[in-house]
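Side chains included, hydrogens not; waters and symmetry mates left out as well; all remaining heavy atoms used. Nothing here was measured: the structure is a model prediction, and the numbers come from that model. Throughout, protein chains are lettered first and strands after them, A, B, ... in sequence-line order, and every chain is numbered starting at 1.
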Number of protein chains: 2
Amino acid sequence: MNDRAEKKAARATADQVARAANVSRVAVSRAFNPNASLKPEKRDRILKVARELNYTPDMAARSLVTGRSHLVGMIVPDVCSPWESQEIDALTTALQAEGFATLLFKVKADFSMDPRLLTYMRGFNPDSVIAFTENILPDVLCGFLDRAVPIYVIYDDVEQFAGAASGTLYDRLLVRQKNGIEQAVALLQGYGARRIAYLGGKAQSLANAERERTLKETLAERGMDAPIVLAGDYTYDTAYQATLDLFRVGDGADAIFAANDVGAFGAIDALRHELGLSVPEDVKVVGFDDIPQAHWKSYNLTTVRIDLEERVRALVRLILMRLRAPDAEPFTETLNTRLIVRGTVG
Amino acid sequence: MNDRAEKKAARATADQVARAANVSRVAVSRAFNPNASLKPEKRDRILKVARELNYTPDMAARSLVTGRSHLVGMIVPDVCSPWESQEIDALTTALQAEGFATLLFKVKADFSMDPRLLTYMRGFNPDSVIAFTENILPDVLCGFLDRAVPIYVIYDDVEQFAGAASGTLYDRLLVRQKNGIEQAVALLQGYGARRIAYLGGKAQSLANAERERTLKETLAERGMDAPIVLAGDYTYDTAYQATLDLFRVGDGADAIFAANDVGAFGAIDALRHELGLSVPEDVKVVGFDDIPQAHWKSYNLTTVRIDLEERVRALVRLILMRLRAPDAEPFTETLNTRLIVRGTVG
DNA sequence: GACAAAGATGAAAGCGTGTTCATTCTTGAT
DNA sequence: ATCAAGAATGAACACGCTTTCATCTTTGTC
């Protein structure tokens, strides 16, 4: 209670501001609420006094009465992953501009969801939740959050996911993988690649499943052989090892399609630094995501890109719309992918 | 008020749990507070009912009365930076285990501090604040946070920083750069390097200043020439360009000391892919941080490391101690650095 | 079996804010 | 000058929880 007293002394309350400005406490509240009716000059005076006293409305108290926490929860398995950190950065910036703060929760790397974490998170009463863990069905999340909090799952699939969550209505941000993959396959085919390997991401990942499925479909459409599928987990080391196995134990390949850029880096390094093969002359490599490192000269990776800014804009728009109209019909946004051509194909 | 009603219907309150379990609301509160006195069987019964009703204590309400938000604010300029994302990830994991959630705030990349952001952040009443922006003096932060919230600034300097914040007492986590730099210089000298360049980080960065100062000091102690100092900003692209300039406009160097690993990557790529020089034969390169990418085969970087886990453990310990004893004397922890030898020196 | 000490319990007060609702003040048209 | 309509105002309540305090129950000891 010692610190309690300190804090009380340190932080000004609306009551103190009211007394100092010779107005009622209600007026102070209104001064900080733009659409409340208050004489402009009075508002200015109150805001001035508030600034002098270094006063800020207490979000906890405000949240208690309004039901809005101005907090957006993000459930993340690995902040270190370039793709995720990129996404977190952009989302936090955009949400902050709209008055929301990011509340970060980490889940285990194996994507297993700790129920206690969800319970704990709900205690903070986030206005919205963005989940980066692609294998968590929103039903699970909805159950924990009592279906009162809008949830967005960042993933790259369409039908598969919608099916898994049948019965639950929610806003969706869809990514059409087809365009980018088609462009990549056309390019590979043009350079004469015939034996294509798909270096997978996490087995449970829906994005991975959808990328693999779309690749197979596209190859079939063009009359090419089905891809050799290698297991992976989106990490550099696993991709490195898988590539070694492909060429030492297996029969190699003309081209490698990696489920993400980091995996592509692992493949490239294995080819160049351990197998003595050159990229793109001996083996062509294509990645997914277009993370910032993809343009580094050591890799200079040709990769399928989902425009980050566009995606973040769409997601923030979805979140804000849902908060303003909680009972509106579910929205759906669809984004496209395209190939970024660099030096690892031709 | 529609969503309000929904939410009310969705989230159970302590009152409802109390009624369902036939106890007083106070008992429910005690059931969730481990050190409150309550008959064990009664507690179990309450917790069981709570689970059935999917009840979680509301953190906002709890925060209001206890003065503890269980929120730790993190002020971050660039989540995408491997070093920062690494640190955020580890801190979030460790704090989460102690019952704290991470509240993320982004500041502009040029490190300029938006005062409105600080005000806004204070509204959330974080129990502690960790700032990654090395050039923000804690005085500024303290002023905004009313000196009631413990603040930790992640930086790598010692005296310089302490001087800048004279008069303010605060806990400190210090990093001794000397060890790692000395090991690196010894290694470089052993391989015959004589002309050493220092590829700087952000000009305002205290970590950068301290690394540069320590490098100069170490070179002088060993009777070596002062380093050629190049301006940088911790980014790949700037490091790349600076390295080109060093060899095309300037007279080149035997070895490059980069202020961070990402900068070292830029230097290596410029040397290998544009200047036609080989690393380490023609030019040796040393980095700072030992981020995960440093072991990727394309770089295989020799670098000075501050043990992340050790650092996070120390920081979390500091935070917890300060929260338990707000009036205790300031603590100080000091960490060491050491050289991780890989393939870019000899 | 009596008594003190310790533990368990619930009523009430309060944390800092937003929001009703009834009242007062202002404005502009007649 | 008068009146209605609208804007501005403040008292009171509510949000969901913890904590104090006084009361009641259990436990241990001689």
Side-chain angles (χ1 to χ4, degrees), chain A residues 1-19 21-46 50 53-70 122-125 146 148, chain B residues 1-19 21-46 50 53-70 122-125 146 148:
Chain A
M1 67 187 67
N2 195 348
D3 50 316
R4 183 117 197 70
E6 268 183 36
K7 203 160 254 174
K8 209 177 157 187
R11 273 198 71 178
T13 145
D15 254 322
Q16 299 174 24
V17 175
R19 227 168 304 152
N22 243 331
V23 295
S24 78
R25 199 182 52 67
V26 184
V28 177
S29 170
R30 286 205 243 266
F32 279 88
N33 211 324
N35 44 3
S37 111
L38 189 68
K39 224 186 227 164
E41 54 194 47
K42 194 170 188 179
R43 160 169 289 141
D44 290 345
R45 187 158 51 93
I46 293 176
L53 290 178
N54 208 0
Y55 166 79
T56 317
D58 186 312
M59 288 306 216
R62 175 179 277 186
S63 156
L64 202 55
V65 47
T66 61
R68 290 261 135 97
S69 63
H70 287 258
R122 209 189 36 161
F124 287 101
N125 215 6
D146 291 328
Chain B
M1 67 185 67
N2 195 349
D3 48 316
R4 182 117 198 70
E6 267 182 38
K7 204 161 255 174
K8 209 177 158 188
R11 273 198 72 178
T13 145
D15 254 323
Q16 299 174 24
V17 175
R19 227 166 305 152
N22 246 330
V23 296
S24 76
R25 203 194 47 252
V26 183
V28 177
S29 171
R30 286 205 244 267
F32 281 89
N33 210 325
N35 43 2
S37 109
L38 188 69
K39 221 188 228 163
E41 54 194 49
K42 194 171 189 178
R43 160 169 290 141
D44 290 344
R45 187 158 51 92
I46 293 176
L53 290 177
N54 209 358
Y55 166 81
T56 317
D58 187 312
M59 287 307 216
R62 175 179 277 183
S63 156
L64 202 55
V65 47
T66 60
R68 291 259 135 98
S69 63
H70 287 258
R122 210 189 35 159
F124 287 100
N125 217 5
D146 292 328

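In this structure, the CZ atom of Arg122(A) is 15 Å from the C1' atom of dC17(D), given to the nearest Å. Note: CG (Asn125(A)) to C1' (dC17(D)) measures 13 Å, nearest angstrom. Residue Gln16(B) contributes atom CD, which lies 11 Å from atom P of dC15(D) at whole-angstrom precision. When rounded to the nearest whole Å, the span between CG of Asp58(A) and C1' of dC15(D) equals 13 Å.
Evaluation of the side chain to side chain donor-acceptor pair (under 3.5 Å) rule for Thr56(B) yields Arg122(A) as partners, not counting sequence neighbours. Qualifying side-chain contact (heavy atoms from CB on, under 4.5 Å) partners for Val23(A), counting only residues two or more places apart in sequence or in other chains: Ala18(A), Ala21(A), Ala27(A), Val28(A), Lys42(A), Arg45(A), Ile46(A). For the side-chain contact (heavy atoms from CB on, under 4.5 Å) test, residues two or more places apart in sequence or in another chain that qualify with Asn33(A) are Asn35(A), Ala36(A). Looking at residues two or more places apart in sequence or on another chain, you find a salt bridge (Lys or Arg N to Asp or Glu O under 4.0 Å) between Asp15(B) and Arg25(B).
For dG18(C), its base sits under 3.5 Å from the side chain of Arg25(A) at one donor and acceptor pair at least.
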N/O contacts under 3.5 Å, protein versus nucleotides 7-9 of chain C?
unit_1 : atom_1 : unit_2   : atom_2 : d
dA8(C) : OP2    : Ser37(B) : OG     : 3.2
dT9(C) : OP1    : Lys42(B) : NZ     : 3.3
dT9(C) : OP2    : Lys39(B) : N      : 3.2

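In terms of phosphate contacts, Asn33(B) brings a side-chain nitrogen or oxygen within less than 4.0 Å of OP1 or OP2 of dT19(D). The phosphate of dG18(C) (OP1 or OP2) has no side-chain N or O of Thr66(A) nearer than 4.0 angstrom. The shortest distance between the side-chain N/O atoms of Ser29(B) and the OP1/OP2 oxygens of dG16(D) is not below 4.0 Å.
When heavy atoms are screened at a 4.0 angstrom cut-off, Tyr55(B) is found touching the sugar-phosphate backbone but no base atom.
Distance from the side chain of Val26(A) is smallest for dA12(D) among the nucleotides dG16(D), dT18(D), dA12(D).
Side-chain contact between Phe32(A) and Pro34(A) is absent, with no heavy-atom pair separated by less than 4.5 Å.
Nearest-nucleotide positions on DNA chain C place Ala27(B) closer to the 5' end than the other of Ala60(A) and Ala27(B).
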